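Bear in mind that the values here come from a model prediction, so they are computed numbers and not experimental data. The figures that follow rest on heavy atoms only: side chains count, while hydrogens, waters and symmetry mates do not.
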Amino acid sequence: METGHSSRQGPRTMPLHRLDVPAPRRLPFAIGTFDTIGPLSRAAYPHRHTFYEIAYVTRGSGTHVIDLRRWPLRPPHLCFIAPGQSHHWQQRRQVHGCVVLFDEAFLLAHPEDRELLRRLSTHPSLPLSGPAAARIDGLLSAMRTEYGEAQRGMRSVLQAYVHILLVHADRLPAQEPPDGMPHPEAACSRPAAVAGRFVRLLERPGAAAARTVSACAGELGVSTGYLTTAVRAATGRTPGQLIRHAQVLEAKRLLDGTGMTVRQVAREVGFADPAYFCRFFRRETGASPGEFRREAHELPDGDESTTVR
């Protein structure tokens with residue numbers, strides 16, 4: 001697997017790394033070593049992702065800083081970074097292991113994994129005992145083999161492996177934040193808490209339909225300007241972008257998992273005009289609803305190279 005890594009950065013903004021794959025509608029996923037994923041998988045400067053990252057560190061030294069909290073590297077251990085979290089590596093030496101990257105669309109088969117990932121990202125550094133390390137190592141080895149062989153049905157197999165890995169990780173005892181710092185959930189500022197409530201609001205069944213930023217702000221008891229500032233600071237994206245993302249994600253679920261017509265899907269995600277919904281969906285995904293459904297149902301998983309940036 002040949003991968004590259006770049007970032008997007010504007011004036012006085014934190015770099016935002018994106019997962020860029022040739023056919024993101026089919027396999028928004030990558031797995032490899034720190035070296036094959038790219039040198040910025042060990043970036044020494046604070047940055048955010050638009051995707052999830054699971055890092056399994058097998059050896060090395062240094063510190064992993066996640067949302068301003070410093071976690072000393074004590075391999076073997078797992079690290080979980082959720083979209084919008086800030087992280088970087090300090091004084092790293094010979095950091096080796098496995099990196100798994102995927103975005104929200106990869107979780108369509110197991111939507112409950114989003115809650116698992118949220119919990120894991122609040123205690124993002126998990127040291128592993130011998131048996132636990134052997135179990136995680138075996139799962140990741142099987143995932144790398146499956147990804148490398150690129151056989152038919154690869155996507156569903158990888159989704160199952162990720163689900164199993166998250167369940168096992170969630171069973172591990174949480175490590176307390178170092179240096180006597182409070183637990184990340186207790187240390188959230190009000191803006192971060194508001195942003196978290198907004199994200200959870202969009203995850204409710206049917207919540208993406210007919211949502212507006214002002215309506216969400218009213219429901220959360222804050223002004224539109226405050227909500228925009230809080231969400232942008234916490235995630236690197238605006239509330240409007242996250243609402244559109246939630247609408248696209250729900251539309252993908254319905255197109256892939258039901259026999260609903262495009263008109264019915266449009267109505268379910270808040271569009272009275274199916275033609276406008278089709279234009280919206282193409283603009284956000286690069287494909288029409290019909291094209292997405294055909295690819296999801298008919299095309300086998302392909303042998304695709306991956307770029308992380």
*Sidechain-backbone polar pair: Arg293 side chain, Leu255 backbone, donor-acceptor under 3.5 Å*: yes

_Beyond-backbone contact of Val167 with Arg171, side-chain heavy atoms, under 4.5 angstrom_ = yes

*Spacing of OG belonging to Ser121 relative to CD1 belonging to Ile66, to within rounding of 0.5 Å*: 9.0 Å

*asked:* The test is side chain to side chain contact (heavy atoms under 4.5 Å, CB included); show your working for Ile54 and Leu166 and say whether it passes.
replied: CA-CA 10 Å; Ile54 303 173; Leu166 296 178; 4.0 Å; yes

*If we only count heavy atoms from C-beta on, is the Arg144 to Val100 side-chain gap below 4.5 Å?*
no

*Of all heavy-atom pairs between Cys216 and Ile243, which one has the smallest distance, and what is that distance?*
SG-CD1, 4.3 Å

*Locate the shortest heavy-atom distance separating Ala195 from Ala230; write the atom from each residue and the value.*
CB-O, 3.8 Å

_Plane angle bin for Phe51 and His49 - parallel if under 30°, tilted between 30 and 60°, otherwise perpendicular_ = parallel

_Are the side chains of Ile81 and Pro124 in contact, using a 4.5 Å heavy-atom criterion?_
no

*Judged by atom type as modelled, is there a donor-acceptor pair below 3.5 Å linking the side chain of Gln151 to the main-chain atoms of Glu146?*
no

*With under 30° as parallel and over 60° as perpendicular, where do the rings of His110 and His163 fit, or are they tilted in between?*
parallel

_Rounded distance (nearest 0.5 Å) linking atom CG of Leu120 with atom CD of Glu115_ = 10.0 Å

*Given Glu284, which of Arg279, Lys252, Arg244 fulfils the salt bridge (Lys or Arg N to Asp or Glu O under 4.0 Å) condition?*
Arg244

*Please round to the nearest 0.5 Å and tell me the distance separating atom CD of Glu104 and atom CZ of Arg114.*
4.5 Å

*So, do Leu158 and Met143 sit near enough that their side-chain heavy atoms are less than 4.5 Å apart?*
yes

*Evaluate the criterion side chain to side chain contact (heavy atoms under 4.5 Å, CB included) for residue pair Leu107 and Phe102; output intermediate values, then yes/no.*
CA-CA 8 Å; Leu107 302 177; Phe102 52 91; 3.8 Å; yes

*Quick one: does Glu53's side chain get under 4.5 Å of Val99's, heavy atoms only?*
yes

*Taking the side chain as C-beta and beyond, is there a heavy-atom pair between Leu202 and Phe198 under 4.5 Å?*
yes

*Mind checking the CZ-CG spacing from Phe80 to Leu126? Nearest 0.5 Å is all I need.*
6.0 Å

_Show the nearest heavy-atom pair for residues Tyr52 and Ala82, with the distance to one decimal._
CD2-CA, 3.9 Å

*Return the minimal non-hydrogen interatomic distance between Ala55 and Phe34, and the atom names on each side.*
CB-CZ, 4.1 Å

*Can Leu101 be reached from Leu108 by stepping across I, L, V, M, F, W or Y side chains whose heavy atoms are under 4.5 Å apart?*
no

*Drop me the distance from Trp89's CH2 to Thr63's OG1, to the nearest 0.5 angstrom.*
10.0 Å

*Between Gly153 and Ser156, which heavy-atom pair has the shortest distance, and what is it?*
O-OG, 3.0 Å

*Should Phe277 and Leu249 be regarded as members of a common hydrophobic cluster, given that ILVMFWY residues are connected when their side-chain heavy atoms come within less than 4.5 Å of each other, either directly or indirectly?*
no

*Going through the checks in order, is the side chain to side chain contact (heavy atoms under 4.5 Å, CB included) test met by Val262 and Phe281?*
CA-CA 11 Å; Val262 171; Phe281 191 88; over 6 Å; no

*asked:* Students often mix this up, so state it plainly: with edges at 30° and 60°, are the rings of Phe280 and Phe271 parallel, tilted or perpendicular?
replied: tilted

*Measure the shortest side-chain to side-chain distance between Pro289 and Cys278 over non-hydrogen atoms and say whether it is less than 4.5 angstrom.*
yes

*Test side chain to side chain contact (heavy atoms under 4.5 Å, CB included) on Thr285 and Phe292 and set out the steps.*
CA-CA 9 Å; Thr285 70; Phe292 173 83; 5.8 Å; no

_Can you confirm whether more than 12 heavy atoms, excluding those of Arg283, are under 6.0 Å from its CZ atom?_
yes

*Is there a donor-acceptor pair under 3.5 Å between the side chain of Thr228 and the backbone N or O of Thr224?*
yes

*Give, for atom CZ of Phe29 and atom CE of Met154, the distance between the pair rounded to the nearest 0.5 Å.*
8.5 Å

*asked:* How close do Gln241 and Thr238 get, counting heavy atoms only, and between which atoms?
replied: OE1-N, 2.8 Å

_Which residue is it: Leu220, Leu227, Val222? I am looking for the one with a side-chain contact (heavy atoms from CB on, under 4.5 Å) to Arg197._
Leu220

*Under a 4.5 Å cut-off applied to non-hydrogen side-chain atoms, are Phe106 and Asp113 in contact?*
no

_side chain to side chain donor-acceptor pair (under 3.5 Å) partner of His64, the single match among Arg92, Arg70, His87, Gln90_ = His87

